[in-house]
Number of protein chains: 2
Amino acid sequence: MRSAAKSSAAKPRRRATAPKPYHHGDLRRVLIDAALQLVGEGGAEAVSVREAARRAGVSPGAPFRHFPSRDALMQAVAEEAQRRFRAEIEAALAAAPGDPLGRFRCLGLAYLRWAMRNPTHFEIISSRRFFDHDRADAISRDNAELIELTERTLAEAFAAGQLRPADLKQVQIAGRALVYGFARMNIDGHFPRWGVAGPEAERTAEAILDLFIEGIASRP
Amino acid sequence: MRSAAKSSAAKPRRRATAPKPYHHGDLRRVLIDAALQLVGEGGAEAVSVREAARRAGVSPGAPFRHFPSRDALMQAVAEEAQRRFRAEIEAALAAAPGDPLGRFRCLGLAYLRWAMRNPTHFEIISSRRFFDHDRADAISRDNAELIELTERTLAEAFAAGQLRPADLKQVQIAGRALVYGFARMNIDGHFPRWGVAGPEAERTAEAILDLFIEGIASRP
DNA sequence: TGTGAATGTAAGCACCGATTACACGGATTG
DNA sequence: CAATCCGTGTAATCGGTGCTTACATTCACA
C-alpha cells in the first residue's frame, strides 16, 4: 500500500557535499507542503503527522519540534490555503475593473472558481472544526479582509444606484451564504451529476450568481 | 470447519449468577442513540465505536456484530438524523398552508431552524464524507424527496404568477445553496457574534431568506 | 575553538478501529 | 422435554495514530 520508493533523491537540498544533512533545511515548510498534498489527495481526515513526517523523510516525532500538535499543523496548513485563496481573489478583482456590480460579480466568480478547483483546500479553510477555538488567527483575519472587500464593493454599487434598497449587511451575508453554500454542497457531494469541478459545475455556479445579482439589482 | 467441539466440553465457567442479561435487548438501537448523543456533544469526529460501546455497557467488539465498521454506524446515525430532519420540515410545511411562495418561505425557515437547533446532526447529514460513496442510500432518497418538494412548491408559485421569469431549476439550486450555506456557515463558526443558535441568528436567517424571496418574486 | 541551543531520533504510552477465537443462551425442532 | 444451532456478546490481539520523554547530533555564536 505504501509505495516506499526508497530512492526519492529529489529532496531539495542546499548542501551538495553532505549526503544526508542531519538537520533538515526547512522542515516546517516541507511538513506544511506535505500536509497540503495529503489534504489534496484525501481530504482533511487523510492528514496524519506520521505520514507527513514519512513524506518529509523524517522520524515520526520530528514534526512535534515545529508543531505542538496535529491541530497546530492543520492550522498552519489552513493559513497557507487561506493565503492563496485570498491572493487569487484579490488578483481577479484587481484585474477586473469596471462598474461596482460587475466587480462584485467577479468577486463571487473568483470565490466559486477557486473553491471548486481546490475543494479540499477550501474545506479546511471553511470549517473551524480543526482549530483551537481560542485563536482567531490569520485565517479569520484574511477572511475578515475578504468580507470587508465585499462590503466595500456592495457599498459602491449601492452608491452608484445599481442596487435596489436593502440592508447591505444582509445582502453581504446572503451573498456569502450563497457562494459558500454552493461551494460546500459541491464539495459535500450534493451534486452527483457533475464532479466537484468541471464545465457544468462552473456554468451553474455562474448562473446562480447572476440570479442572485439580478435579485438585488435595481430594475428599470 | 466450524467448531471442533474438541474436548469433553467441561464448561470453564459455571453459571453462578446472572445479574444482567447476557444478550442486550436492542443493542443496535442503543448504539445509534449513543452515537447520536456523542455527535450532539462533540461533533461527528467525537464518535468512536469504543465510546458508544462503553455507553451501551458492552464490550468494545460487540458493536461490530451490528455494524461492520465505524462508517456503517455513522451512516445509520445519519439516516436517523435525516429522517428526523425531513419529518420536521414536512410537518412544518403541512401545518402552513397558504400561497405557494409563502409555503416556500415556510420550507426554507423550517430548514434553517432545524439546522441551527441541531447543528451537529445537520453536519453529519450534510457531508457525504462519512459514507461509502457507492451507496446512495436512504439519505439521498430523503434528500431527493425534499428537493422534489421544493421544486413542486416553486413551480406552483410560478404558475400562480408569484415569480419573475427565471429558470426554476436554477432558482431551486440557488435557494438550496443559500439556506445550506447559511446553516453551514453558522455551524462552521463564520458568525462569531452569535452562537450557533439564538434569536439573532434566527432573525438573520429569516432576513436573508426574505431577501432571496424578494429577489425571485415578481414585482409590481 | 568550545559550548549551548536547536533540531532530529528512538522508544514507548494510551487510544482507536478492526479482526479473531471463543462463550453464552434463547429459539427451533425432533 | 431435551438436544442443538446460531445470533449475540466477550476477550485478546494487531496495526496505526497522536503525543511525550530521553537521548544524539549538528549548527551558530561567544
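Lettering of chains follows the sequences in order, A, B, ..., and the numbering in each one begins at 1.
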Would you tabulate the nitrogen or oxygen pairs shorter than 3.5 Å linking the protein to nucleotides 20-23 of chain D?
unit_1 : atom_1 : unit_2  : atom_2 : d
D/dA22 : N6     : A/Arg65 : NH2    : 3.2

Looking at side-chain heavy atoms only, is the closest gap between B/Leu38 and B/Arg55 below 4.5 Å?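 The answer is yes; the side chains approach within 4.5 Å.
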What is the distance from atom CZ of B/Arg70 to atom OG of B/Ser48, rounded to the nearest 0.5 Å? 8.0 Å
Distance check, rounded to the nearest 0.5 Å: B/Asp142 atom CG versus B/Ile147 atom CD1?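 Going from the CG atom of B/Asp142 to the CD1 atom of B/Ile147 covers 11.0 Å.
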Using the ring of each side chain (for Trp, its six-membered ring), is B/Phe85 parallel, tilted or perpendicular to B/Tyr111, with breaks at 30° and 60°?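 Answer is perpendicular, since the angle exceeds 60°.
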Expressed as a whole number of angstroms, how long is the span from [X]:[atom1] to [N]:[atom2]?
X	N	atom1	atom2	value
B/Glu45	D/dT17	CD	P	16 Å
B/His66	D/dT8	NE2	C1'	6 Å
B/Arg28	D/dG7	CZ	P	16 Å
B/Leu27	D/dT10	CG	P	8 Å
A/Leu73	D/dT17	CG	P	14 Å

Partners meeting side chain to side chain contact (heavy atoms under 4.5 Å, CB included) with A/Arg103 (sequence neighbours left out):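 A/Leu93, A/Thr153, A/Glu156.
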Could you go step by step and tell me if B/Phe67 and B/Arg28 meet the side-chain contact (heavy atoms from CB on, under 4.5 Å) rule? CA-CA 8 Å; B/Phe67 305 100; B/Arg28 182 188 162 89; 3.3 Å; yes
Electrostatic pair A/Arg184:B/Asp188 at N-O distance under 4.0 angstrom: yes
Run the salt-bridge test on A/Arg83 and A/Glu80 with the 4.0 Å N-O cut-off and return the result as yes or no.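 Yes, charged N to carboxylate O under 4.0 Å.
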Distances for protein N/O vs nucleotides 14-16 of chain C N/O pairs under 3.5 angstrom?
unit_1 : atom_1 : unit_2  : atom_2 : d
C/dC16 : OP2    : B/Arg54 : NH2    : 2.9

